[in-house]
Structures are given as C-alpha cells and as structure tokens.
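Worksheet for the structure shown next.
Residue indices begin at 1 and follow the sequence shown.
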Amino acid sequence: MKLLTAILFSGAIACAQEQTAKPKAASPHVEWVDLHVPVYPPLARQARIEGNVEVQIQFHNCALDREHVQALSGHSLLRGTALDSIHDSAIRCGPFRDASTVLTFEFKIDSCGSDEQRIELDGNTIRVVADTICLNTSVSDRH
C-alpha cells in the first residue's frame, strides 16, 4: 500500500513539474497597422449596455476581405460600431494568410467619470471602456 501511495505521489509531482516547465504559447493574432478607434455608441452607453461582439474576418493572400466581415455575436447596438471599426482599419494577416480569424470587441462601462472612453488592444481583442457621467444627488442637494 505504501508503495502504491509513493508511486501515485511521485507521478503527481512529475505531472505538476511538467505543466509548470512548459511556457504558455501566445495565441496567433492579426497585425494592426492602423486601428480605426471604435466609438462607444451613445445610446448603448446611456442604456449601460455592455458585452462582447465577435467579428469574423477573412484574408486572401494576406489581404483583408472586407466583403466578408461579419458579426457572429453581440448586442445589436454594439455590432455596427465593431463592424465600422474593422471596415475602416488597416490590418495585416499575421499567421492568417489565407484563413479567417475572430476579433473580439469588449464593450464595458466603467465607473462614473468624465464621459470619456479608452481603447486597449490585446492581440485580437479590442477593449472599449467608457466612463459615464453619473448624477450625484444627495438629500442636501434637493433643498
């Protein structure tokens, strides 16, 4: 019984060491030349609509096929902004010479702020983070 426990324990340690020894490979992504900055749609911002829009793009001979860009998911108020951004951007294919890939636009409303937005680019993910102007009324303000 002790021998079986020792074998199982040593196997678990070897497995853990193997998992930590392998660096995680970065997923392939497109090469952005010029990103047309998406603007958080005012109506979606006012309604505090957040979420992801996944857009599938295709390349032929490393050229973006603008005729076949399509939104796969996401709120209808956010889709148009994502599609417009892709149509107006310059993108190189990277490892997708004659293939398709999916870009993700993450729309998020941040805390109360200056009514501005910021863009974060991380491979095939474009984060559009918008502040909202919040009305801060207290009981003393009403008198």
Side-chain angles (χ1 to χ4, degrees), residues 3-142:
L3 181 59
L4 180 60
T5 304
I7 292 171
L8 290 174
F9 184 69
S10 64
I13 291 173
C15 182
Q17 288 174 344
E18 184 179 316
Q19 288 177 351
T20 57
K22 293 179 183 176
K24 188 175 181 179
S27 60
H29 57 83
V30 298
E31 297 173 11
W32 294 96
V33 176
D34 181 27
L35 171 64
H36 176 80
V37 177
V39 176
Y40 211 114
L43 188 56
R45 193 183 223 180
Q46 184 179 12
R48 300 188 62 82
I49 295 171
E50 300 178 307
N52 292 351
V53 176
E54 292 185 330
V55 178
Q56 183 175 27
I57 60 173
Q58 297 178 7
F59 293 97
H60 297 292
N61 293 325
C62 215
L64 178 62
D65 181 356
R66 296 184 191 278
E67 297 296 317
H68 293 99
V69 173
Q70 64 177 337
L72 301 175
S73 66
H75 194 283
S76 60
L77 287 177
L78 303 174
R79 284 180 176 212
T81 296
L83 291 172
D84 288 346
S85 176
I86 296 300
H87 283 290
D88 295 337
S89 293
I91 307 169
R92 287 194 193 116
C93 62
F96 308 102
R97 184 169 184 77
D98 287 308
S100 66
T101 189
V102 175
L103 305 178
T104 302
F105 287 79
E106 295 178 357
F107 290 90
K108 180 168 177 21
I109 302 289
D110 212 354
S111 60
C112 297
S114 61
D115 198 32
E116 294 180 2
Q117 76 170 26
R118 68 182 178 279
I119 303 298
E120 300 169 2
L121 185 59
D122 183 14
N124 284 2
T125 302
I126 303 97
R127 288 181 196 89
V128 184
V129 183
D131 289 339
T132 58
I133 294 179
C134 297
L135 300 176
N136 189 7
T137 58
S138 63
V139 176
S140 62
D141 291 340
R142 294 184 204 153

### Query
What pairs of residues pass the disulfide (SG to SG under 2.5 Å) test when at least one of them lies in residues 45-95, not counting sequence neighbours?
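Only C62-C93 qualify under disulfide (SG to SG under 2.5 Å).
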### Message
Pairing donors with acceptors under 3.5 angstrom, does anything connect the side chains of N124 and T101?
### Response
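Short answer, yes.
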### Task
Using distance alone, with no hydrogens and no angle criterion, decide if D65 and H68 have a side-chain donor and acceptor under 3.5 Å apart.
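There is such a pair between these side chains.
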### Message
If you count heavy atoms of other groups shown closer than 6.0 angstrom to CD of E31, is the number above 12?
### Response
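Count over threshold, so yes.
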### Task
Measure up the F107 and Y40 rings against each other and bin them: parallel (under 30°), tilted (30 to 60°), perpendicular (over 60°).
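Judged by the thresholds at 30° and 60°, the geometry between F107 and Y40 is perpendicular.
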### Task
Give the intermediate values and the outcome of side-chain contact (heavy atoms from CB on, under 4.5 Å) for residues I57 and L64.
CA-CA 7 Å; I57 60 173; L64 178 62; 3.8 Å; yes
### Task
Would you indicate whether the side-chain heavy atoms of V69 and L83 approach each other to under 4.5 Å?
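When only atoms from C-beta onward are counted, V69 and L83 do touch, with a gap below 4.5 Å.
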### Query
So do the side chains of Q117 and V128 get within less than 4.5 Å of each other, counting heavy atoms only?
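Yes, their side chains come closer than 4.5 Å.
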### Task
Quick one: list whatever passes ring-ring contact (aromatic ring centres under 6.0 Å, His included) with F105, sequence neighbours left out.
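If we apply the ring-ring contact (aromatic ring centres under 6.0 Å, His included) test to F105, skipping adjacent residues, there are no hits.
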### Task
Without swapping roles, check the side chain of E50 against the backbone of I109 for a donor-acceptor pair under 3.5 Å.
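Confirmed, E50 side chain pairs with I109 backbone.
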### Task
Check for a donor-acceptor pair, side chain of S89 on one end and backbone N or O of S85 on the other, with a separation under 3.5 Å.
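Yes, S89 side chain to S85 backbone: donor-acceptor pair under 3.5 Å.
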### Message
side-chain contact (heavy atoms from CB on, under 4.5 Å) for L121 and W32? Distances and angles first, verdict last.
### Response
CA-CA 9 Å; L121 185 59; W32 294 96; 3.4 Å; yes
### Query
Closest approach of S73 and R79, non-hydrogen atoms and distance?
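The pair with the smallest heavy-atom distance is CA-NH2, 3.5 Å.
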### Query
Any idea which heavy atoms bring I119 and P38 closest together, and the distance?
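I119 and P38 have their closest heavy atoms at CD1-O, 3.8 Å.
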### Query
Does the distance from a Lys or Arg side-chain N to an Asp or Glu carboxylate O, for E120 and R118, drop under 4.0 Å?
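Result for this pair is yes, salt bridge flagged.
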### Query
What residue pairs, at least two apart or across chains, pass salt bridge (charged side-chain N to carboxylate O under 4.0 Å, His left out) with a residue in residues 88-107?
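Sorted pair list: E106-R127.
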